[in-house]
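Here is the naming used below: chain letters follow the sequence lines, and residue numbers restart at 1 for every chain.
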Amino acid sequence: MNKTEPVLEAAALTKRYRRGSLAAEAISQVSFSLLPGEILGVVGQSGSGKSTLLRQLACLEKPTSGRVMLCGRDVTGRQPRDVCHEIQMVFQNAQRSFDPRRSVGASVCEAVRQLSGLSGQAARERCAQLIRLAGLDPSAADAFPSALSGGQCQRFAIARALAAMPKVLLCDEATSELDVSAQAQIVGLLAGLRDELGLSIVFVSHDLALVSTLCSRILVLQDGAVAEQGPTQALVSAPRSDAARALLAAAWTGRGPQFSRPSVDKPPECVL
Amino acid sequence: MEKALLTTEHLRVGYGGEAAVHDVSFCLRAGETLAIAGESGCGKTTLLKALMGVGGAQITGGRAVFDGNDLAAMRPNARRGLAGEQISMIFQDPGAAFNPIRSYDSQFRELLRSRGRFRGAASRSEIRRCFASLGLSDGARILKSCPCELSGGMNQRAAVAAAMLLGPRLLLLDEPTSALDVTAQQAVVEELARLRSLTGLSMLLVTHNLGLAAAMADRTGVMYAGRLVELGATADVLERPCHPYTKCLLRAVPALGGGLPQGLGGSPPAPGAPARGCAFFARCPAAAPGCRERETALREISPGHFAACAEGRP
Amino acid sequence: MKKGVLSSRRAAKRRVAVFLALALFLAAVSLAAPYLVPNDPYQTNSDRMNAPPDARCPFGTDHLGRCVFSRVLMGARTSIFSALALVAVSFAVGTLLGMLCGWYGGVLDELVMRLADILLAFPQMVLAIAVAGILGGSLFNAMLAMGITGWTLYARLARSAVLQLRQEPFVAAARLSGCRTGAILFRHLLPNILGPLVVNAVTQIGSMMIGIAGLSFLGIGVTPPAAEWGSMISEAQGGMQLAPWAVLAPGGAMVVTVMIFNELGDSVRDLLDVSGQ
């Protein structure tokens with residue numbers, strides 16, 4: 001596959017929700033492109049449309065207007081079944097992304113059987129291989145989602161997503177419910193998968209500091225529209241939009257052993 | 001030296017037979033904010049629940065003394081009287097403390113009535129004043145709304161206002177910002193700072209977010225597997241950490257524009273597993289062969305700065 | 001806290017086991033009824049009409065000299081199995097319709113739910129009497145009459161459960177795993193909504209039994225000389241002062257059977273409540 005051709009493209013994506021006579025635009029005219037092996041960060045406050053955007057990209061919903069191009073193919077309005085071999089998703093609440101009545105291993109195996117066409121022993125071996133790729137021991141796979149920690153569940157979710165060997169992985173606030181060390185582990189895993197497998201990732205979060213460490217480009221959403229997009233360093237050092245400035249001002253950052261908030265507005269209060 | 005408002009000595013806390021907290025000792029002075037940081041499962045939430053007397057968490061050993069009263073020795077009625085009036089708690093889930101479909105106004109009035117403190121119109125204006133002083137400018141609109149109509153950040157701020165209604169002296173906060181996005185987090189932190197300067201409130205804050213501890217706390221403690229492994233002034237603990245675990249936690253915090261955060265390998269031990277010697281041995285990057293049986297009591301490394309182990313120092 | 005939950009879970013399981021065993025015992029007895037009856041339940045005997053209970057006929061005889069005990073046993077077969085069959089069919093049809101309504105929504109949802117509303121606007125027994133009256137008396141028609149409204153309960157429950165679970169991330173994850181709609185509905189959603197549906201089904205067995213017996217009592221269900229508890233009560237009630245056992249035996253049997261199935265339903269619900277904690 002050509003390295004300079006985008007693996008995922010969104011063109012003027014808009015999604016309007018209707019309830020009776022009321023209509024609300026959740027995302028409006030969002031456009032971006034994702035290159036192979038790139039990690040794109042999507043940041044914004046709650047309600048800025050980040051999750052809606054991902055649902056349109058994964059074909060879980062049909063956009064009101066605009067186009068989604070996956071590996072050069074127009075997949076706008078198709079079903080998840082049609083795109084599941086190229087694009088996969090990891091959700092915010094890892095435990096709720098598994099069927100509560102099945103063990104996580106059973107869920108991963110089901111995905112392997114359906115997405116790779118293997119069955120029986122071959123499927124079980126592939127399942128164990130994927131679980132190891134996600135940094136876990138296959139023996140933990142007999143547990144039910146409610147018995148696992150958030151970080152472990154999220155790793156199993158990543159293993160399941162990799163069953164299709166997708167080109168693009170969408171992460172919908174995948175680390176927002178994890179504590180700081182589990183978050184670092186997952187982020188490290190994602191970076192590792194990008195290096196090993198050439199996976200492209202769209203990483204959605206409200207934490208700009210986290211996104212700036214993982215992603216090479218950042219897209220800032222505000223009220224459903226793109227406020228700003230560009231390379232990480234440029235956006236972090238010289239934000240052009242109010243939304244980016246507000247997110248920067250709220251970011252808890254640790255620069256080495258020192259904790260400070262970047263002086264975008266007023267200097268932080270001295271509480272020591 | 002000011003008299004301590006809350007002191008714990010070798011506190012043990014558990015649910016029924018299982019102990020989640022093995023040995024925690026600290027003292028919190030009036031007007032001070034102490035943060036306790038650690039990963040999920042280290043027992044910090046259980047500690048708060050036991051101090052508040054909720055959620056089935058019980059003090060099974062050691063002492064916890066609030067304003068001269070031994071919490072474990074108090075009768076349940078007296079303990080219940082303490083909770084809400086002297087000690088208040090904020091939970092992680094902003095929606096958990098309120099009925100989602102009743103307006104805040106009616107719920108606040110019920111709160112006051114349950115303690116016999118509702119005085120009609122005087123209380124209504126008191127509530128509105130409370131809101132205004134906390135930076136919630138559209139207090140009237142919030143009071144008329146139900147929790148399900150407002151955002152998580154707004155609900156958490158209303159929860160803080162509710163906690164302050166009865167004028168407590170100690171506020172317990174269990175991961176108050178973890179369920180919120182960063183801008184809502186900032187708003188809640190500002191509200192709490194305003195609260196502190198208005199009332200001289202003491203706060204015991206539990207979080208996995210070290211940035212929150214840096215922004216709010218005078219002193220910070222780090223907890224692992226039910227024990228405090230480091231305790232000291234926030235600047236000391238976060239800038240000159242002694243314990244390897246503190247150092248690892250700090251490395252896991254993402255720095256704006258910096259490199260990838262470094263996670264710790266493995267996972268914390270299951271709650272309840274009694275640890276002899278150092279519980280962090282299995283995951284410690286600075287572990288030496290003799291560390292497994294090492295003493296884990298807090299030692300004073302420098303004035304006011306305690307740690308169970310000083311191997312994390314450069 | 002954990003210990004408390006475990007012990008109440010064990011107690012709930014024990015309760016379910018006890019009542020399930022009783023219910024299965026009743027079902028087994030009624031299945032084996034033709035082989036267990038001491039006398040022919042349809043054999044009339046003009047010598048022994050309205051005879052009190054004795055060694056040959058443990059529950060006495062009715063106004064036609066038939067052994068009441070034998071008729072009660074045969075009646076068990078009719079009552080229990082017709083109720084079980086009726087509930088099974090209502091459950092299957094109602095759950096399927098409800099799940100489809102919840103998943104697809106739209107026109108199907110509107111049609112089915114409005115139909116359910118219309119049917120539920122009538123008092124259940126009044127509608128059943130009307131239907132059975134029109135179709136004529138027979139066990140099948142009585143079952144049909146009761147079943148006309150019976151499915152709506154499951155349809156509504158299943159629909160609201162599916163509407164709720166549809167939003168959960170694991171359904172989106174299943175769609176992205178390549179699952180077809182059928183697989184999602186039956187492999188992922190159905191096991192997760194089954195609990196309250198099963199509880200309602202077991203509890204409904206008792207009321208269906210009473211309903212069919214009621215229709216038979218009124219003469220528009222099972223017709224004599226078939227042995228069925230409701231029609232037995234109807235036939236014998238006129239001579240109740242002469243032969244109270246002919247009314248009390250089928251009535252008592254009905255009470256005991258319905259109680260056992262109701263308790264079974266309650267204990268299953270309690271078990272699900274406890275394990276849901």
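The closest side-chain heavy-atom distance from B/Leu256 to A/Leu248 is below 4.5 Å.
Here the straight-line distance linking atom CG of B/Asp181 with atom CD of A/Gln45 works out to 5.5 Å at 0.5 Å rounding.
Taking both residues in full, the closest heavy atoms of B/Pro261 and A/Thr213 are given as CD-OG1, 3.5 Å, listed atom of the first, atom of the second, then distance. Nearest heavy atom pair, residue B/Ala255 against residue A/Ser212, reads O-OG, 3.9 Å.
Heavy atoms of A/Ser176 lying under 4.5 Å from chain B belong exclusively to its backbone. Contacts of A/Thr232 with chain B are absent, with no heavy-atom separation under 4.5 Å from either backbone or side chain. For B/Ser178, the part lying near chain A is the backbone, with the side chain staying farther off; criterion is any non-hydrogen pair under 4.5 Å. Both the backbone and the side chain of B/Glu39 come within contact range of chain A, judged by heavy atoms closer than 4.5 Å.
Ranked by heavy-atom pairs shorter than 4.5 Å toward chain A, the options B/Ser151, B/Ala37, B/Ser40 are led by B/Ser40.
Applying the salt bridge (charged side-chain N to carboxylate O under 4.0 Å, His left out) test to pairs two or more places apart or on separate chains, those with a residue in residues 209-238 of chain A are A/Glu38-A/Arg217.
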Exercise. Run the side-chain contact (heavy atoms from CB on, under 4.5 Å) check on A/Val187 and B/Leu260 step by step: do they pass?
Worked result: CA-CA 8 Å; A/Val187 161; B/Leu260 280 177; 3.5 Å; yes

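For residues 178-186 of chain A, a heavy-atom distance under 4.5 Å to chain B picks out A/Leu178, A/Asp179, A/Val180, A/Ser181, A/Gln183, A/Ala184, A/Gln185, given by residue number.
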